[in-house]
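This report concerns only the one structure given below.
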There are 2 protein chains.
Amino acid sequence: MTTDTEVRERVLEAADRLFYAKSAHAVGMDELRAEAGVSLKKLYSLFDGKDALVEEVLRRREEAITAETMKYVLRASSPQEQVLAVFDWMADSSGTTDFRGCAFINSYAELGPSSDRVTAVVRHQKSGVRGAIAAMVEAMGKPEWVADSIFLLFEGAMTNTAITVSSEPARQARKAARFLLEST
Amino acid sequence: MTTDTEVRERVLEAADRLFYAKSAHAVGMDELRAEAGVSLKKLYSLFDGKDALVEEVLRRREEAITAETMKYVLRASSPQEQVLAVFDWMADSSGTTDFRGCAFINSYAELGPSSDRVTAVVRHQKSGVRGAIAAMVEAMGKPEWVADSIFLLFEGAMTNTAITVSSEPARQARKAARFLLEST
DNA sequence: TACAGTAGAGAACGAACGTTCTCCACGGCA
DNA sequence: TGCCGTGGAGAACGTTCGTTCTCTACTGTA
C-alpha cells in the first residue's frame with residue numbers, strides 16, 4: 001500500500017526532475033502526472049496547484065542540496081579543504097548529463113518577476129549558501145570579503161558550468177578560491 | 001513617414017524591455033504589439049514569429065551591452081581600471097529599478113533546454129565577455145586563470161545583484177578582482 | 001449479494017497563447 | 001471620380017494549458 005506521503009514524494013521527485021530539466025513553464029501538469037504515475041485528481045488533492053508545487057519543489061531541493069554539499073564538506077581533511085569542497089560537489093554534479101546549473105537562479109529568471117513566493121525561496125537559498133561559506137571562511141580567520149568573493153565565484157561557476165557544458169568553470173573557481181584563501 | 005526599419009527597431013526595443021522585465025514566455029504577442037504601437041499584421045510581416053524575435057532581441061542586446069561596457073572601459077585611466085570598469089558598469093546598471101541580471105543567463109534558464117538558437121546566442125555572448133576580459137588581463141601580463149576568475153566573479157555578481165536587488169555584489173566582485181590583479 | 005465510499009482514467013471547460021484571416025478605411029494615380 | 005493596393009484593427013482559429021468534473025471500477029463490510 002502506498003501512503004499519501006509516498007505519493008507526494010514521488011510527485012515532488014518527478015516535478016523536481018522535470019522542472020529542472022525543462023524549466024517549469026515547459027512542463028504541463030499532465031506530463032507531470034504521467035511521469036509521477038499518479039492521477040490528476042490525486043495530484044490536485046495533494047497540492048494546491050502548479051504554483052504551490054513549484055514552490056515546494058524548490059524548498060525540497062534546497063534541503064537536498066544542502067545535505068549533499070554537507071557530505072562533501074564534512075569529509076574534507078582541513079578547514080580550507082572544507083571551503084573548497086563545494087567546488088568539488090559542483091564539478092561532480094556537472095558530470096551528470098542533465099546538469100542545468102542552479103535551479104534557484106533558473107527559477108528566479110523564469111518566475112521571479114511574477115512570483116513573490118519563488119523570489120523568497122530563491123533569496124533564502126542564496127543567503128543560506130552565502131552564510132555557510134562565510135561561516136567556514138570566518139572559522140579560518142579570513143576577512144569577510146574573501147567569503148563574499150568565494151560565494152560569487154561559486155555562483156558564476158554554477159551558471160557557466162551549465163552554459164559551457166563542462167566542469168572547467170568549477171575547477172577554475174576552485175583554483176581562484178584557494179588562491180584567495182592562501183594569500184589573505 | 002516611418003520606414004520598416006524604424007518600426008522594426010521600435011518592436012525590438014519594446015520586446016527587449018518586456019522580455020527582460022518579465023521573461024519571454026510571460027509576454028504575449030498582443031501585449032508586445034500594444035507596447036510597440038504596431039499592428040499584429042505588421043509585426044508578423046517584419047518577424048518570422050516569436051522565436052525568431054527572441055533570438056534577434058538577444059543578438060541586438062549583445063551588441064548594445066558590448067558597446068555600453070566599452071564606453072566604461074575606454075574612459076578608464078589605466079589597464080587595471082579598464083578591467084575593473086566592467087564592474088562599474090554593472091553597479092551603475094543595477095541602479096536602475098528594473099535591473100534583472102544577465103538577460104542571457106535568464107534566457108538560457110528559460111529557453112535553453114528547448115531552443116538551440118537561444119543556446120547558441122547565449123554561448124556566443126558568454127565567450128565574448130570572457131574573451132574581452134581575457135584580452136585586457138593578458139595585456140597586463142597576468143596569467144589566464146586570473147582572467148577566468150574575474151569572469152566568474154562578474155557572472156556571479158550579475159545574478160546576485162539582481163536577486164538581492166543591491167549593487168553590493170558588484171562592488172564585492174570589483175574588490176576581489178582588484179585583489180587578484182594586484183597580487184599576481 | 002448488496003451497498004457505500006474511494007480513487008483512477010480521462011473528458012470537459014474556460015482562459016490564454018501564437019498565428020492567420022477578414023474587413024474596412026485611406027491614399028496614389030488615371 | 002473611380003479604382004487598386006497597402007495597412008491597421010481586431011475577430012477568429014487551432015492549440016495548449018491549468019483545473020475541475022463525470023463516470024466507472026473496485027474495495028471493504030454486513
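Just so we're on the same page: letters track the sequence lines, and every chain starts at 1. Note that these values count all heavy atoms, side chains included, but never hydrogens, waters or copies made by symmetry.
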What residues, two or more places apart in sequence or in another chain, satisfy side-chain contact (heavy atoms from CB on, under 4.5 Å) together with B:Ile105?
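By the side-chain contact (heavy atoms from CB on, under 4.5 Å) rule, B:Ile105 matches A:Ile105, A:Thr159, A:Ile163, B:Cys102, B:Lys126, B:Glu155, B:Thr159.
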Quick check on DNA chain D: between A:Asp30 and A:Lys41, whose nearest nucleotide comes earlier from the 5' end?
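Its nucleotide being nearer the 5' end, the pick is A:Asp30.
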Both A:Val27 and B:Ser39 contact DNA chain D. Which one's nearest nucleotide lies toward the 5' end?
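Mapping each residue to its closest nucleotide by heavy atoms, the 5'-most match is B:Ser39.
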Whole Å only: how far is the [atom1] atom of [X] from the [atom2] atom of [N]?
X	N	atom1	atom2	answer
B:Lys22	C:dC17	NZ	C1'	14 Å
A:Asp51	D:dC17	CG	C1'	13 Å
A:Leu46	D:dT19	CG	P	14 Å
B:Arg33	D:dG7	CZ	C1'	14 Å
A:Leu40	C:dA12	CG	C1'	12 Å
A:Leu43	D:dG18	CG	C1'	11 Å
B:His25	D:dT15	NE2	P	22 Å
B:Leu32	C:dT19	CG	P	11 Å

Any donor-acceptor pair under 3.5 Å joining the side chain of B:Lys50 to the base of C:dG18?
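Check fails, no donor-acceptor contact within cut-off.
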Under the salt bridge (Lys or Arg N to Asp or Glu O under 4.0 Å) test, which residues partner A:Arg10, sequence neighbours left out?
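Residues passing salt bridge (Lys or Arg N to Asp or Glu O under 4.0 Å) with A:Arg10: none at all.
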Closest approach to the side chain of B:Tyr44, judged atom by atom: which nucleotide of C:dG18, C:dG10, C:dG8 is it?
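Among C:dG18, C:dG10, C:dG8, the one nearest the side chain of B:Tyr44 is C:dG18.
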Does A:Arg17 make a cation-pi contact with A:Tyr20, if we ask for NZ or CZ under 6.0 Å from the ring centre and within 45° of the axis?
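The answer is no; the distance or angle limit is not met.
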To the nearest 0.5 angstrom, please state how far the CZ atom of A:Arg61 sits from the CD atom of A:Glu68.
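Atom-to-atom, A:Arg61:CZ and A:Glu68:CD are 9.5 Å apart.
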Under 4.0 Å, heavy atoms only, any strand: does A:Val7 hit a base, just the sugar-phosphate, or nothing?
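Here A:Val7 touches no strand at all.
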